[in-house]
Each structure stands twice: as structure tokens, then as C-alpha cells.
Amino acid sequence: MSRKIPSLRTPLARVRGLGSAKSGTGHWWMQRLTSIALVPLSLYAIAAFFTHVVFGDYASAILWMRSPFAATLVLLFIGVGFHHAASGLEVVIEDYVHCECLKRASIVAVKFVAAAFALLGMLAVVKILFGV
Amino acid sequence: MTPPAKVSRPLAPHLQVYKPQLTSVMSILHRASGAGLALGLPVFVAWLVVLASGQHFYGILIGWLQNPIMQIVLFGWTWAFFYHFCTGIRHLLWDAGLFLDLKGVYSTGRIALGISTLLTLGVWAKILGWIP
């Protein structure tokens, strides 16, 4: 009586979208997209950091951050940078943490911490930009 | 017939006697530098937050960054950044189907190591005032 009911989905529907990686190539593709975007963004952010920390001061850094151009690039760097960092750490955790429960928990923790730091950095940029 | 004597063969990969290659070392360093850079992002955010919090807090962070241990960490992060940047571009070239043969893998590996080391030393020579 416990005969397995065959799936009503067509073979095509089963292979489309969700593969063995659960989200298809989405994760891999986003890592590539963010890495391409980070080529100019990270160079700009690192250059700005060293320019103002080593060769400038508080006033020069504030003046720089008040420019919409600088603020845009730094906001993009924070968003794309934390996305790239979280997706990279996710792969490292998937490879080295074998306990399923700990693996899931650490991936979720990495994503939450990355989102919180990204929002914090973005709000700091916005605060300086509007001179509050 | 006597059963063959049990031979205890080494398990593969046997890391103690495993000869590291440029390719495998560079691969794990790409991961390690990426993980290190993920820890550096919150420090970049901290810089923005103190910048938004006023001159007093900004001074405290700059003082903390000037401590010799933090200088070594910052040097490490500079190298991790340039290394991950160069090997990241190498990964993008591989994704485009380029330099996938053994010769290409080794030559791009040496180029990435050389460029990232030169850029790190150049940036720190500038920071330390060794070059004008």
C-alpha cells in the first residue's frame, strides 16, 4: 500500500533552477560580479584610507567624505565589499566546518554580522555627508 | 595460501611529507588573505564611524593605529589586499578560460606574487617616508 507516488513534475521542471547546489550558479556568479566591481572600488577605498590616515588629518578626511562622489564610491565599496566578504567566508565555512548544525549557524552569523557592519558604515558615511 | 602481510601504507594526502607547489600554496593563501581582509573591513567601518563621531574619537583611533602591533597588522592587511587583488584577477582570467595550462598557471602565479609584493613594499616605503 505504501507505493511511492511519482512526482507530477516534468523532468525539465526538476532540472531547471535548483540544481544540486540548491541555488544554481547564483552564489558563484555573485562572487564574480562583486569581485569585478571591487577592482576599482577597493583600490579607491584603500587609497583614500591611507591618504587621509597617513598623509591627512581629521579635517581633510571630513572634507573628502562631504563630496557626493566620494560618498557614492565608499557606499558602493561597503555594500559590495561586505557582500563579497560574506560570500567568500560562506564558501570557506562550507569547506571546513563539517557539523551541519555548526555550519549553518556560522554562515547565518557571518551574514548577520556583515549586514550590521555594512549598515553601520553606510550610516556613518551618510552622517558625515549631511554634516550632522 | 597465506594471506598477504598487512602493509600500512600512508593515507593520502599525507600532509607531513607532501611537497607544496606554488599553485597549492597560492591557492590557500588566496583564501587566507580573503579571510584576513574580511576582518579588516570592520576596521575600515570603525574609521568611518569615528570620523562621524568627531575629532576626539578620531584621534583615539589614529593613536591606536600608530601602535607598533597595529602597524604590523596594517602592513599584513596591505599585503593581503594586494595579494588577494592580484590573485583575484588571476581567478577572473581563469574564469574567462585564459592561462589554464600548467605554464600559464605558474607564470601568472609568479606575476601575481611579484606585483603584490612590489605594490605592498612601494606603499609602505611611501608611508614610512623612504620615497618622496
Side-chain angles (χ1 to χ4, degrees), chain A residues 28-29 31-36 38-39 42-43 45-59 61-62 64-65 71 74-75 77-78 81-82 84-93 95-96 110 113-114 116-132, chain B residues 27-28 30-66 70-71 74-75 77-78 80-82 84-96 119-120 122-124 126-129:
Chain A
W28 185 88
W29 180 243
Q31 259 193 318
R32 267 64 197 170
L33 273 191
T34 51
S35 66
I36 294 167
L38 280 171
V39 171
S42 61
L43 279 180
I46 297 288
F49 176 81
F50 278 119
T51 303
H52 295 289
V53 168
V54 182
F55 305 107
D57 53 13
Y58 176 75
I62 289 285
W64 161 72
M65 196 85 271
V74 172
L75 286 174
F77 170 68
I78 294 171
F82 274 105
H84 187 81
S87 61
L89 288 176
E90 183 179 345
V91 177
V92 173
I93 293 167
D95 283 354
Y96 302 131
V110 161
V113 170
F117 269 109
L119 186 62
L120 182 65
M122 286 174 177
L123 288 178
V125 172
V126 170
K127 185 179 181 230
I128 301 164
L129 182 65
F130 292 116
V132 193
Chain B
S27 170
I28 195 66
H30 183 71
R31 278 210 160 173
S33 59
L37 288 171
L39 297 176
L41 265 183
V43 175
F44 182 80
V45 165
W47 176 58
L48 295 172
V49 169
V50 290
L51 197 57
S53 311
Q55 203 151 10
H56 172 68
F57 294 103
Y58 191 71
I60 294 174
L61 182 88
I62 297 300
W64 180 66
L65 289 178
Q66 276 162 354
M70 275 317 290
Q71 292 277 300
L74 279 176
F75 180 84
W77 270 330
T78 316
F81 171 72
F82 284 126
H84 197 85
F85 187 91
C86 291
T87 48
I89 289 173
R90 186 167 167 245
H91 267 284
L92 289 174
L93 292 173
W94 285 337
D95 294 335
L119 285 172
T120 308
V123 163
W124 278 82
K126 177 84 183 156
I127 289 172
L128 297 171

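Each chain gets a letter, A, B and so on, in the order its sequence line appears, and its residues count up from 1.
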Check the pair A:Thr51, A:Trp64 against side chain to side chain contact (heavy atoms under 4.5 Å, CB included), reporting the backbone distance first and the verdict last. CA-CA 10 Å; A:Thr51 303; A:Trp64 161 72; over 6 Å; no
For A:Ala118, is it the side chain, the backbone, both, or neither that has a heavy atom closer than 4.5 Å to a heavy atom of chain B? neither
Toward chain B, the part of A:Val92 with a non-hydrogen atom under 4.5 Å: both
Would you check, one step at a time, whether the test side chain to side chain contact (heavy atoms under 4.5 Å, CB included) holds for A:Tyr58 with B:His56? CA-CA 10 Å; A:Tyr58 176 75; B:His56 172 68; over 6 Å; no
Engaged part of B:Leu48 at the chain A interface, taking heavy atoms whose separation is under 4.5 Å: both
Where does A:Leu43 contact chain B at under 4.5 Å (heavy atoms): side chain, backbone, both or neither? both
Given that the side chain runs from C-beta out, which part of A:His84 has a heavy atom under 4.5 Å from chain B: side chain, backbone, both or neither? side chain
Are more than 12 heavy atoms from other residues, nucleotides or ligands located less than 6.0 Å from atom CH2 of A:Trp29? no
Rounding to 0.5 Å, atoms CG (B:Asp95) and OG (A:Ser35) come to a distance of 8.0 Å
Going through the checks in order, is the side chain to side chain contact (heavy atoms under 4.5 Å, CB included) test met by B:Arg31 and A:Tyr96? CA-CA 12 Å; B:Arg31 278 210 160 173; A:Tyr96 302 131; 3.2 Å; yes
Starting at CD1 of A:Ile46, measure out to OG1 of B:Thr78 and round the result to the nearest 0.5 Å. 7.5 Å
Close side-chain approach of A:Leu38 and A:Phe77, heavy atoms under 4.5 Å: yes
Bottom line for B:His84: the part with an atom under 4.5 Å from chain A's heavy atoms is side chain
Pick one of side chain, backbone, both or neither for A:Phe55, based on which atoms fall under 4.5 Å of a heavy atom in chain B. side chain
Taking the six-membered ring for Trp, are B:Tyr58 and B:Trp47 parallel (under 30°), tilted (30 to 60°) or perpendicular (over 60°)? tilted
Rounded to the nearest 0.5 Å, how far does CG of A:Leu89 lie from CG of B:Leu37? 10.5 Å
Within-4.5 Å side-chain heavy-atom neighbours: B:Phe44 and A:Val74: yes
Heavy-atom pairs under 4.5 Å with chain A, option from B:Ser53, B:Gly54, B:Ala46, B:Ala35 with the top count: B:Gly54
Counting only heavy atoms closer than 4.5 Å, note whether B:Leu65 contacts chain A via side chain, backbone, both or neither. side chain
Interchain contact, A:Met65 with chain B, by part (heavy-atom threshold 4.5 Å): side chain
Mind ranking B:Ile89, B:Val123, B:Leu51, B:Leu61 by heavy-atom pairs under 4.5 Å with chain A and telling me who comes out on top? B:Leu51
Hey, which of B:Lys126, B:His91, B:Gln66 has the most heavy atom pairs under 4.5 Å with chain A? B:Lys126
So, the part of A:Val39 with a heavy atom under 4.5 Å from chain B: the answer is both
What part of B:Leu92 gets closer than 4.5 Å to chain A, counting heavy atoms only: side chain, backbone, both or neither? side chain
Chain B contact via A:Phe50 - which portion, at a heavy-atom distance below 4.5 Å: side chain
Under 4.5 Å heavy-atom distance to chain B, tell me which part of A:Ala47 shows up: side chain, backbone, both or neither. neither
Any idea how B:Phe81 and B:Phe85 line up, ring-wise: parallel (<30°), tilted (30 to 60°), or perpendicular (>60°)? tilted
With only heavy atoms counted, which part of A:Val113 is less than 4.5 Å from chain B, the side chain, the backbone, both or neither? neither
